[in-house]
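See below for the structure under consideration.
Naming convention: chains lettered A, B, ... in sequence-line order (proteins, then strands); numbering from 1 in each chain. Hydrogens, waters and symmetry mates are skipped; everything else that's a heavy atom, side chains included, is used.
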Number of protein chains: 2
Amino acid sequence: MTVPPTAGLVPVTVDIVALTVLNGELNVLLVRRLLEPFAGDLALPGGFVLPNETLPAAALRELDEETGIVPPGHLEQLRTYGPLDRDPRGPILSVAHLLLAPADRIPQAGGDATEAGWHPVSTLGALAFDHATILNDAIERARNKIEYSPLAATMCPAEFTIAELRAVYEAVWGQNVDPRNFHRKITGTPGFVTSTGKRGGGGTGRPAELFRVADGISPHDAVLYPPLLRRSM
Amino acid sequence: MTVPPTAGLVPVTVDIVALTVLNGELNVLLVRRLLEPFAGDLALPGGFVLPNETLPAAALRELDEETGIVPPGHLEQLRTYGPLDRDPRGPILSVAHLLLAPADRIPQAGGDATEAGWHPVSTLGALAFDHATILNDAIERARNKIEYSPLAATMCPAEFTIAELRAVYEAVWGQNVDPRNFHRKITGTPGFVTSTGKRGGGGTGRPAELFRVADGISPHDAVLYPPLLRRSM
DNA sequence: ACAAAAGTGTTCCTCATACACCCATGT
DNA sequence: ACATGGGTGTATGAGGAACACTTTTGT
């Protein structure tokens with residue numbers, strides 16, 4: 001038996017919401033579209049899934065092609081949008097992905113993109129397609145996710161101070177966190193961070209201890225218990 | 001501009017994980033497949049998305065066709081599986097959905113299904129395709145979801161006792177919950193349940209007060225704060 | 001009278017919050 | 001010396017866990 005002829009064959013794309021924290025602000029990776037529809041507009045990087053390609057492979061390929069960004073970082077599926085009323089070309093399904101990445105790589109435009117760069121999410125204009133909706137869902141997911149998983153650390157360099165990690169939480173949540181209590185909570189949560197022994201100088205004030213994510217922890221599925229709840233709003 | 005010819009056109013299906021609580025146990029709605037592949041095996045209800053159909057519409061249609069179950073209940077998208085290595089017919093994408101429903105409807109097989117019925121999740125054999133994986137993901141989602149949303153109430157009849165609601169939590173979480181503290185927590189959480197004034201007799205012991213979900217609450221997006229955390233395990 | 005389930009009161013303890021205070025560095 | 005950020009100690013309060021106890025029904 002094969003696929004019945006009544007089955008809808010649907011073009012499938014992947015879109016990637018890559019988030020990072022830059023200058024204390026939550027930023028998203030956007031490209032400027034070269035082609036119609038929405039040529040010249042800002043959009044999430046993404047494109048059509050190729051035959052014999054998995055969804056995460058397509059997401060990573062499109063991200064590399066259009067922005068030059070190659071993880072490390074945490075990639076997970078967000079949700080699927082469509083197929084109706086989201087693309088002027090017709091019914092197209094988009095499987096959106098969320099990537100949490102450190103901010104140390106510089107985007108390089110390529111493929112169907114004329115520009116690629118990080119944009120603060122607080123000052124965005126309109127985006128192509130339904131990408132504004134997808135972005136909002138992605139931010140909401142990220143806000144929830146860092147409460148009960150160590151994923152915030154994937155938006156920091158390999159070695160980071162507690163203050164850098166706190167800046168991630170503050171940027172993602174959009175609210176301030178008490179530095180003293182945050183420090184205790186993070187260092188007191190087993191399986192989150194371990195000290196490297198080193199200290200990071202640089203700024204004024206006492207140099208902070210450098211940490212990395214705890215050994216054997218896959219930020220993908222580790223769980224913080226009790227979670228690090230943000231204040232209700 | 002149209003969809004480029006290189007774009008992979010992929011057959012897209014929806015699968016539905018319908019969960020309910022029956023006899024104090026978490027149950028899933030399964031059908032026995034009439035057609036190949038996996039003819040004669042148990043599977044999640046589902047099927048191909050039709051042209052000009054949204055994903056939730058396809059999910060509800062397939063559910064009705066194969067099992068006769070028509071919500072009410074809470075339907076949400078779970079995640080998308082595929083397109084590789086999950087269907088012997090070739091690359092097929094499946095958008096899985098989660099339905100939390102009360103147990104008061106009797107499934108009626110139809111369409112491509114020869115049987116339709118509720119099955120306790122604790123005593124399942126193999127399922128067709130990757131449906132065992134999808135089911136596990138759905139249960140995990142349900143377990144998390146009822147912690148911070150009033151969705152457990154959608155698995156109860158329109159009017160229910162606190163004990164019935166507690167049975168839902170115990171079945172989904174697979175752990176006992178203290179009846180006294182649970183009662184206080186539920187009735188003390190604003191925007192969860194409101195009393196109907198009525199009392200439900202029936203069993204032995206003092207008759208329990210009947211509740212319904214609070215007015216103006218859409219269980220879809222209401223949030224419980226603080227959440228009702230299950231014990232860590 | 002007794003069993004059984006509903007519902008309330010109370011105690012204990014964990015943990016979040018708030019903030020005083022000390023530490024280590026740059027200027 | 002002083003400013004600045006890192007890090008520790010500690011008091012207070014909210015809420016979860018545990019459980020004694022009362023209430024209201026069926027048998």
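Applying the 4.0 Å criterion to OP1 and OP2 of C/dA6, one finds that B/His183 has every side-chain N and O outside that range. Residue B/Lys185 has a polar side-chain atom (N or O) positioned under 4.0 Å from OP1 or OP2 of D/dG16. At the phosphate of D/dA17, neither OP1 nor OP2 sits under 4.0 Å from any side-chain N or O atom of B/Arg184.
Position along DNA chain D of the nearest nucleotide to B/Pro226 versus B/Arg206 favours B/Pro226 as the more 5'-ward residue. Residue order along DNA chain C, read from the 5' end via each residue's closest nucleotide, puts B/Pro207 first among B/Pro207 and A/Pro207. A residue-by-residue look at A/Thr204 and A/Arg180 shows that A/Thr204 has its nearest nucleotide of DNA chain D further toward the 5' end.
If you take CD1 of B/Ile186 and C1' of C/dA6, they are 15 Å apart, rounded to a whole angstrom. For B/Phe182 and C/dT8, the CZ to C1' distance is 17 Å, given to the nearest whole Å. At whole-Å resolution of the value, CZ in B/Phe160 and P in C/dA6 are 14 Å apart. Rounding to whole angstrom units, CD of residue B/Glu164 and P of C/dA5 are separated by 14 Å. Atom CG in B/Leu165 sits about 16 Å away from atom C1' in C/dA5, given to the nearest Å. To the nearest angstrom, C1' of C/dT17 lies 14 Å from CD of A/Gln175. Summarising the geometry, the separation between CG on A/Leu229 and P on D/dA14 is reported as 17 Å, rounded to the nearest angstrom. Between the CZ atom of A/Arg230 and the P atom of C/dT17 there is a distance of 13 Å, rounded to whole Å.
Note on B/Arg86 versus B/Asp130: salt bridge recorded, some NZ/NE/NH1/NH2 to OD/OE distance being below 4.0 Å.
Checking C/dG7, D/dG7, D/dA17 against the side-chain heavy atoms of B/Asn181 singles out D/dA17 as nearest.
By the neighbour-count criterion of 12 heavy atoms within 6.0 Å, atom CG of B/Asp104 is densely surrounded, having more than that number from other residues, nucleotides or ligands.
Between the side chains of B/Thr20 and B/Asn27, no donor-acceptor pair is found at a separation under 3.5 Å.
No hydrogens or angles were tested; on distance alone, nothing pairs the side chain of A/Asp178 with the base of C/dA16 as donor and acceptor under 3.5 Å.
A distance of 9.5 Å separates CZ of B/Arg141 from CZ of B/Arg79, quoted to the nearest 0.5 Å.
You'll find the ring centres of A/Phe211 and A/Phe160 outside the 6.0 Å limit.
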